[in-house]
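Basis for what follows: all heavy atoms, side chains included, without hydrogens, waters or symmetry-related copies. None of these values were measured; they are calculated from a predicted model.
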Amino acid sequence: MKLELLPHWNDLRSTLKASFRETLFASRAFLRPSDIGRLADLEADAFFEFLSRPDQQKASDHGAYLCAAGLGDEAVLRAGQALREFCFAQLNHALPIDLLEEVEAYNRAVLQGYWRAREANILEEQERIRSALQHTLHRYTLQIETAAEVARAAISTLDLGVLLTTAVDLIDERFGLDYVGIYLL
């Protein structure tokens, strides 16, 4: 359907963009103020494009984009609610198609893309945290092993020169440092 042929097409588009701006502003926890207008415009454009050419994959990709842009769960859900309210109030009699089904199809696709992207982000973050924890644990284990070996060397020798040389060599070998020194007071 050629939505551009509808009466007041530009007014409808502007009204929806304003509605999305208000919705995103109300739930802007993760958005920079400068991004609110841009994202509201993109959301309105994506919806009207979906109405003219329903493409589930494109709507799903838009949902993933919203996740990458920093929209939180509340913002995405509120945007869907704002879209439903807009369509019920503004377009209910303007379109000859069952608009509610189209709106719900669009919202489902956007939410699917959003949740898939969010799940992927969570998995990436979990992997990053696991890797950082593993690195830290390895470092602490190495420090404890080195301290234990220095303690064994201290017990096995009475010669201070041998003990200090052994300690410096162990620390240098284990940690790959450029310089190791021990100062005695």
Quiz item: Can you check whether Ala132's main-chain N or O pairs, donor with acceptor, with Thr136's side chain at less than 3.5 Å?
Solution: yes

Residue set satisfying salt bridge (Lys or Arg N to Asp or Glu O under 4.0 Å) with Glu124, at least two apart, ordered chain then number -> none

With sequence neighbours left out, the residues meeting side-chain contact (heavy atoms from CB on, under 4.5 Å) with Leu158 are none

Looking only at heavy atoms, the pair that brings Ala69 and Leu39 closest together is CB-CD2, 3.9 Å

Residue set satisfying salt bridge (Lys or Arg N to Asp or Glu O under 4.0 Å) with Glu119, at least two apart, ordered chain then number -> none

Review point. Do the non-hydrogen side-chain atoms of Thr157 and Thr166 ever get within less than 4.5 Å of each other?
Key: no

_With a 4.5 Å cut-off on side-chain heavy atoms, are Leu42 and Phe20 touching?_
no

Of all heavy-atom pairs linking Leu24 and Ala75, the shortest is CD2-CB, 4.3 Å

In this structure, CD of Glu49 is separated from NZ of Lys58 (nearest 0.5 Å) by 3.5 Å

Apart from Leu137 itself, members of its ILVMFWY cluster (side-chain separation under 4.5 Å) are none

Could you go through residues 78-89 and list every donor-acceptor pair under 3.5 Å that involves a side-chain atom there, pairing it with any protein atom two or more places apart or in another chain?
from: Arg78; atom 1: NE; to: Glu74; atom 2: OE2; distance (Å): 3.0
from: Arg78; atom 1: NH2; to: Glu74; atom 2: OE2; distance (Å): 2.7
from: Gln81; atom 1: NE2; to: Glu85; atom 2: OE2; distance (Å): 3.1
from: Arg84; atom 1: NE; to: Glu104; atom 2: OE2; distance (Å): 2.6
from: Arg84; atom 1: NH1; to: Gly80; atom 2: O; distance (Å): 3.3
from: Arg84; atom 1: NH2; to: Glu104; atom 2: OE1; distance (Å): 3.4

query = Taking atom types as modelled, is there a side-chain donor on Gln57 or Asp61 under 3.5 Å from an acceptor on the other?
reply = yes

Gln56 and Ala109 have their tightest heavy-atom pair at OE1-CB, 3.3 Å

Sequence neighbours excluded, the answer for side-chain hydrogen bond (donor to acceptor under 3.5 Å, both in side chains) partners of Gln134 is Arg130

Residue pairs passing the ring-ring contact (aromatic ring centres under 6.0 Å, His included) test with at least one member in residues 148-185, sequence neighbours excluded, are none

For Arg38, the salt bridge (Lys or Arg N to Asp or Glu O under 4.0 Å) test, sequence neighbours excluded, returns Asp35

Contacts of Tyr106 meeting ring-ring contact (aromatic ring centres under 6.0 Å, His included) (sequence neighbours excluded), chain-then-number -> Phe47, Phe50

For Lys17 and Ala40, the nearest pair of non-hydrogen atoms, with its separation, is O-CB, 3.7 Å

All heavy atoms of Glu102 vs all of Pro54, minimum pair found to be OE1-CG, 3.8 Å

Students should find that the hydrophobic cluster of Leu123, defined by side-chain heavy atoms under 4.5 Å apart, otherwise consists of none

Value for CG (Asp55) from NE2 (His62), rounded to nearest 0.5 Å, stands at 13.0 Å

Hey, is the main chain of Ala153 close enough, under 3.5 Å, to the side chain of Ser156 for a donor-acceptor pair?
yes

The complete set of salt bridge (charged side-chain N to carboxylate O under 4.0 Å, His left out) pairs with one or both residues in residues 146-173, sequence neighbours excluded, reads Glu149-Arg174

Between the side chain of Ser131 and the main-chain N/O of Arg128, is any donor-acceptor distance below 3.5 Å? no

Heavy-atom closest pair (Cys67 atom, Asn121 atom, distance to 0.1 Å) is SG-ND2, 3.4 Å

Tracing side-chain contacts under 4.5 Å among Ile, Leu, Val, Met, Phe, Trp and Tyr outward from Leu133 reaches Ile129

